[in-house]
**Q** 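Okay, handing you the structure first.
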Amino acid sequence: MKNILVLHTGGTISMQADMEGKVTTNHENPMNHVSVPLNGIHVTALDIFNLPSPYMTPEHMLTLYQTIKEKATQYDGVVITHGTDTLEETAYFLDTMELPAIPVVLTGAMRSSNELGSDGVYNYLNALRVASHDKAKDKGVLVVMNDEIHAAKYVTKTHTTNVGTFQTPTHGPLGLVMKQEILYFKNAEPRVRFDLEQISGLVPIIPTYAGMKTELLDILDSQNLDGLIIEAFGAGNLPKEVADKLTDFLEAGIPIALVSRCFNGIAEPVYAYDGGGVDLHQKGIFFVKELNAPKARLKLLIALNVGLQGEQLKEYMEG
């Protein structure tokens, strides 16, 4: 018998649509009434939050981590039900924490519990199967949706409403949930993990666009910033005016990390013109590999909260 801890946090998987199709939060979580027709699995469920996922913050993520750390010795695995809008960020945050060596699986739904073709119960049961599977250990935090198993580091939401929204660009999923079996054909990369007691700081994300000058950066007060994430063009390039303005933030001691706004591929310093990747990297901007902007923000925020500085910070952000 595998004992699985389920932490419900809210989101579409716990919501219902009204007669007009408007989806709202319930006081009573319908997932608590789901019978688990899976042999050898015993579920203990806690409603830790009841939040639309746009309300999720790093402080909520930290509470999830601390709850898992406190209770995990009593269980063989953990399943977290979560709204899909920020699911990938919570999954990535947890994947950077010093979690116990048991499977931790996040899942959600794209259709509320009373909608036609609701995917919530199906995803939930699959997540329980994965969390109770011995081979799920040591693969990092996992996201299970639509019969696929994804690594928290790489998975992202790619469609506003489609049930197949969660994808892993560049890498592909780690495995598949089959009717009778669970198949893994990849392993997650090793991770640096931290044990945080608190988290705070302001690290905004600035997107780039054609014709951009310094208008967004001019709004920012460097005295209130802890870090900055830039979502750059292509392989990691910016308009010259933006690159010049970022020098002011760097000189003020603000760490800046860069990712590509492209859906696929990895940012790297290639172009040597003013504002090109080579120029930006030489100025001291970190090029973050394989993460999108929201995850890069969490990575920098976590690094700052554990006190990484100088070369240590650079190695961690670019590692």
Side-chain angles (χ1 to χ4, degrees), residues 5-15 24-27 29 31 45-73 75 78-100 102 104-108 127 140-143 152-153 155-157 191-206 220-221 223-229 231 254-257 259 288 291-309 313 316-317:
L5 174 64
V6 175
L7 300 175
H8 295 304
T9 69
T12 300
I13 194 169
S14 64
M15 295 181 181
T24 56
T25 301
N26 288 319
H27 295 297
N29 185 349
M31 299 308 293
L46 299 176
D47 287 307
I48 188 168
F49 307 124
N50 188 18
L51 298 171
S53 62
Y55 294 4
M56 192 66 66
T57 67
E59 289 78 14
H60 291 117
M61 299 172 193
L62 187 63
T63 298
L64 276 172
Y65 163 58
Q66 292 169 342
T67 301
I68 295 169
K69 187 172 65 168
E70 174 190 346
K71 296 180 178 297
T73 55
Y75 298 96
V78 177
V79 168
I80 300 168
T81 64
H82 199 290
T84 59
D85 284 347
T86 58
L87 185 150
E88 65 192 86
E89 288 165 84
T90 296
Y92 177 76
F93 180 94
L94 293 174
D95 199 43
T96 65
M97 296 293 105
E98 287 186 355
L99 291 171
I102 60 174
V104 176
V105 179
L106 279 82
T107 193
V141 174
L142 303 173
V143 172
K153 181 176 179 180
V155 71
T156 191
K157 186 176 181 179
R191 299 159 313 290
V192 177
R193 289 184 153 186
F194 302 104
D195 182 19
L196 282 184
E197 295 295 330
Q198 60 182 16
I199 188 164
S200 62
L202 178 60
V203 180
I205 298 170
I206 300 296
L220 301 176
D221 182 356
Q223 293 185 345
N224 294 326
L225 287 181
D226 296 286
L228 189 60
I229 303 297
E231 198 174 50
I254 306 300
I256 301 174
V259 299
V288 181
L291 296 183
N292 58 21
K295 292 179 183 178
R297 171 186 169 269
L298 285 172
K299 185 172 188 176
L300 181 54
L301 189 62
I302 290 165
L304 296 173
N305 274 267
V306 298
L308 297 186
Q309 297 179 346
L313 180 59
Y316 175 66
M317 292 303 298

**Q** Pair Glu59, Gln198 - check side chain to side chain contact (heavy atoms under 4.5 Å, CB included), show working.
**A** CA-CA 8 Å; Glu59 289 78 14; Gln198 60 182 16; over 6 Å; no
**Q** Does any donor atom in the side chain of Thr57 or His60 lie under 3.5 Å from an acceptor atom in the other side chain?
**A**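 Their side chains do contain a donor-acceptor pair, which is all the 3.5 Å distance test asks for.
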**Q** Pro54 and Thr86: which non-hydrogen atoms are nearest, and at how many Å?
**A**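 Smallest interatomic distance, heavy atoms only, reads CA-CG2, 4.4 Å.
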**Q** Is there a donor-acceptor pair closer than 3.5 Å between any side-chain N or O of Ser53 and the backbone N or O of Asp85?
**A**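 Yes, because the side chain of Ser53 sits within donor-acceptor range (under 3.5 Å) of the backbone of Asp85.
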**Q** For residues Thr25 and Pro52, report the shortest heavy-atom separation together with the two atoms involved.
**A**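 Nearest heavy atoms, Thr25 then Pro52: OG1-CG, 3.9 Å.
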**Q** Ignoring hydrogens and angles, tell me if any N or O in the side chain of Arg297 forms a donor-acceptor pair with the backbone of Val203 under 3.5 Å.
**A**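 Checking the backbone N and O of Val203 against the side chain of Arg297, a donor-acceptor pair under 3.5 Å is found.
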**Q** Between Met61 and Phe93, what is the shortest heavy-atom contact and its length?
**A**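 Residues Met61 and Phe93, closest heavy atoms: CB-CD2, 3.5 Å.
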**Q** If you take all heavy atoms of Leu300 and Pro255, which pair is closest and at what distance?
**A**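 Nearest heavy atoms, Leu300 then Pro255: CD2-O, 3.9 Å.
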**Q** Might you confirm whether atom CD of Gln309 has over 12 heavy atoms from other residues, nucleotides or ligands at distances under 6.0 Å?
**A**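 No.
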**Q** Give a yes or no on whether the backbone of Leu87 and the side-chain of Thr90 come within a donor-acceptor separation of less than 3.5 Å.
**A**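 Side chain of Thr90 to backbone of Leu87, a donor-acceptor pair under 3.5 Å: no, none is there.
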**Q** Donor-acceptor pair, Asp95 side chain versus Val141 backbone, under 3.5 Å?
**A**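 Flag set: sc Asp95 to bb Val141 pair under 3.5 Å.
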**Q** How long is the span from the CG atom in Leu64 to the CG atom in Leu106, to the nearest 0.5 Å?
**A**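 Taking CG in Leu64 and CG in Leu106, the distance rounds to 8.0 Å.
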**Q** Measuring from Leu7:CG to Ile68:CD1, what's the distance to the nearest 0.5 Å?
**A**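 Nearest 0.5 Å value for the CG-CD1 distance: 6.0 Å.
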**Q** So how far is it from Ile302 CD1 to Tyr92 OH, rounded to the nearest 0.5 Å?
**A**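 Those atoms lie 6.0 Å apart.
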**Q** Checking Thr9 against Ile48 for the side chain to side chain contact (heavy atoms under 4.5 Å, CB included) test, could you report, in this order, the C-alpha distance in whole Å, the side-chain angles of both residues, the deciding distance, and whether it holds?
**A** CA-CA 6 Å; Thr9 69; Ile48 188 168; 3.8 Å; yes
**Q** Given 3.5 Å as the limit, does a donor-acceptor pair link the side chain of Asn50 with the main chain of Gly10, or not?
**A**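 Answer holds: no.
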**Q** Backbone N or O of Lys295 within a donor-acceptor pair of the Lys153 side chain at under 3.5 Å?
**A**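 Side chain of Lys153 to backbone of Lys295: no pair is present.
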**Q** Answer yes or no: is there a donor N or O on one side and an acceptor on the other, between the side chain of Glu231 and the main chain of Val259, under 3.5 Å?
**A**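 No, the answer is negative, given that no donor and acceptor are paired below the 3.5 Å cut-off.
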**Q** Can you check whether Leu301's main-chain N or O pairs, donor with acceptor, with Asn305's side chain at less than 3.5 Å?
**A**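 Flag set: sc Asn305 to bb Leu301 pair under 3.5 Å.
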**Q** Between Val78 and Leu99, does the side chain to side chain contact (heavy atoms under 4.5 Å, CB included) criterion hold? Intermediate values first, please.
**A** CA-CA 11 Å; Val78 177; Leu99 291 171; over 6 Å; no
**Q** Check the pair Glu89, Leu298 against side chain to side chain contact (heavy atoms under 4.5 Å, CB included), reporting the backbone distance first and the verdict last.
**A** CA-CA 8 Å; Glu89 288 165 84; Leu298 285 172; 3.7 Å; yes
**Q** Mind listing the closest non-hydrogen atom pair of Glu197 and Leu62 along with its distance?
**A**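 Looking at all heavy atoms of both residues, the closest pair is O-CD2, 3.5 Å.
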**Q** Got a sec: does the OH of Tyr55 have more than 12 other heavy atoms crowding it under 6.0 Å?
**A**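 Open.
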**Q** Quick check for you: to the nearest 0.5 Å, what is the distance between Ser14 atom OG and His27 atom NE2?
**A**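 The distance works out to 12.0 Å.
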**Q** Quick check against the 3.5 Å criterion: does Glu88 have a side-chain atom that pairs as donor or acceptor with the backbone of Lys157?
**A**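 Pair found, side chain donor or acceptor close to backbone of Lys157.
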**Q** How far does CD1 of Ile199 sit from OG1 of Thr63, to the nearest 0.5 angstrom?
**A**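 Going from the CD1 atom of Ile199 to the OG1 atom of Thr63 covers 11.0 Å.
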**Q** Using modelled atom types and a 3.5 Å cut-off, is there a donor and acceptor pairing between side-chain atoms of Arg193 and backbone atoms of Met97?
**A**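 Flag set: sc Arg193 to bb Met97 pair under 3.5 Å.
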**Q** Do Thr81 and Thr107 have side-chain heavy atoms sitting under 4.5 Å apart?
**A**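 Yes; the side chains approach each other to less than 4.5 Å.
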**Q** Give, for atom CG of Asn224 and atom CD1 of Ile254, the distance between the pair rounded to the nearest 0.5 Å.
**A**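 Between Asn224 CG and Ile254 CD1, I get 9.5 Å after rounding to 0.5 Å.
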**Q** Nearest heavy-atom pair of Ala296 and Val288: which atoms, and what distance?
**A**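 Shortest heavy-atom separation between Ala296 and Val288 comes out as CB-CG1, 4.3 Å.
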**Q** Side-chain contact, heavy-atom cut-off 4.5 Å: Pro204 with Leu228?
**A**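 Yes, side chains in contact.
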